[in-house]
Amino acid sequence: MTRPAHQDFWQRLLDRLQHGTVRDRLRLRPEIERRLRAGQPPEGGAVRRLEEAVSRSEEIVRKRRKSIPRVTYPPELPVSQRREEILDLVRRHPVIILSGETGSGKTTQLPKMCLEAGLGAAGKIACTQPRRVAALSVSRRIAEELNVTWGQEVGCRIRFTDQSSPRSLIKMLTDGMLLAEIQGDRDLSEYDTVIIDEAHERSLNIDFLLGYLHRLRARRPDLKILITSATIDTEKFSAAFDGAPVIEVSGRMFPVEVRHQPLDQFLEEEGEVTHIEAAAAAAEELVREYRDGGLLIFMPGERDIRETKELLEGRSLPHCEVLPLFGRLTQG
């Protein structure tokens with residue numbers, strides 16, 4: 001028994017819609033399915049508008065797919081050596097858990113692998129970072145590696161600043177900004193992929209996002225979810241997402257020399273030295289001993305960072321530029 005011609009028409013339109021944008025799939029599918037179930041004939045202006053909307057959606061995806069740049073990977077990064085395995089998992093599974101040690105290259109290379117896996121055309125690839133400065137710096141690095149314009153094919157959104165465009169294939173944003181977007185777009189229809197990076201931090205924002213994405217999968221079975229971290233309880237995350245596959249990537253190790261600096265040598269005749277003064281004195285000693293390379297100083301908070309910066313600048317260390325780095329920083 002053959003189906004009526006009008007049912008074939010609606011089914012073909014549904015099939016075509018699968019090649020359109022995520023936003024249009026979510027917007028147009030209910031209407032087309034309703035007409036299919038009702039057995040309505042494909043007649044009238046409303047039907048023509050539906051056909052035109054599907055055609056426009058298909059064209060948008062075709063143009064976005066053509067705009068995907070050639071993807072290459074730095075061979076020295078450990079994650080690059082696992083490229084084929086990661087691509088296979090991304091293509092076959094809706095959720096994957098990637099545990100990558102510091103220096104593995106997961107943050108910069110995983111969004112690019114998603115592009116190579118065919119994602120980013122029907123919707124953007126969202127990649128969250130806990131801090132603004134990381135979102136800015138990582139997005140610029142990815143744009144540089146892909147040889148595209150930052151703010152166009154690769155964009156970034158942080159509080160008060162949106163450096164992305166409708167052309168963006170990859171969009172870095174803070175986890176707080178992705179949560180804010182959910183308020184106006186509960187289906188996250190702008191994206192076909194969401195990468196939650198630094199999941200081990202387990203902030204409220206990250207936990208809310210993970211819980212929301214878990215529930216969203218019922219409405220968005222097409223959504224790809226990647227959860228990555230330097231240190232992660234992979235078994236618990238995998239179990240929370242119905243046995244999602246886990247891949248572990250090693251990091252890059254470098255030789256480390258540990259020195260214990262006696263605090264007594266910083267003490268002056270009167271009073272005690274602060275941790276900021278001690279750090280500045282140790283930095284000055286190292287700068288004079290090693291002429292090349294960089295130096296990282298970790299401080300408890302933003303105020304300590306600023307005071308350390310001022311103190312070091314006042315000492316006029318040779319061949320040195322002092323740069324602050326903290327979570328609220330908005331300029332990379």
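On a predicted model such as this, the values are computed, not experimentally measured, just so you know. We use all heavy atoms of the structure for the numbers below, so side chains are in, but hydrogens, waters and symmetry mates are not.
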Visitor: Report yes or no: do His214 and Asp242 form a side-chain donor-acceptor pair below 3.5 Å?
Guide: no
Visitor: Could you check Glu310, Arg306, Glu307 and say which one makes a side chain to side chain contact (heavy atoms under 4.5 Å, CB included) with Ile276?
Guide: Glu307
Visitor: Suppose the criterion is side chain to side chain donor-acceptor pair (under 3.5 Å): which pairs have a residue in residues 41-55, not counting sequence neighbours?
Guide: Arg16-Ser55
Visitor: Take atom CZ in Arg92; do more than 12 heavy atoms of anything else shown fall under 6.0 Å from it?
Guide: yes
Visitor: So how far is it from Leu209 CG to Ile196 CD1, rounded to the nearest 0.5 Å?
Guide: 4.5 Å
Visitor: Looking only at side-chain N and O atoms, does Lys224 offer a donor or acceptor that is under 3.5 Å from a partner on Tyr191?
Guide: no
Visitor: Assess the side chains of Asp175 and Thr128: does a donor N or O sit below 3.5 Å from an acceptor N or O?
Guide: no
Visitor: Mind checking whether Leu204 and Ile206 sit in one hydrophobic cluster, side chains of I, L, V, M, F, W, Y counted as touching below 4.5 Å?
Guide: yes
Visitor: For residues Leu216 and Arg186, report the shortest heavy-atom separation together with the two atoms involved.
Guide: CD1-O, 3.7 Å
Visitor: May I ask you to list the residues sharing a hydrophobic cluster with Leu323, side-chain cutoff 4.5 Å, ordered by chain and number?
Guide: none
Visitor: Between Arg259 and Glu289, is there a side-chain N and carboxylate O pair less than 4.0 Å apart?
Guide: yes
Visitor: Mind listing the closest non-hydrogen atom pair of Pro75 and Gln81 along with its distance?
Guide: O-NE2, 2.6 Å
Visitor: Has Arg34 got more than 12 heavy atoms of other residues, nucleotides or ligands less than 6.0 Å from its CZ?
Guide: yes
Visitor: Could I get the full list of ring pair (Phe, Tyr, Trp, His ring centres under 6.0 Å) partners for Tyr73, not counting sequence neighbours?
Guide: none
Visitor: Shortest non-hydrogen contact from Trp10 to Ile32?
Guide: O-CG2, 3.7 Å
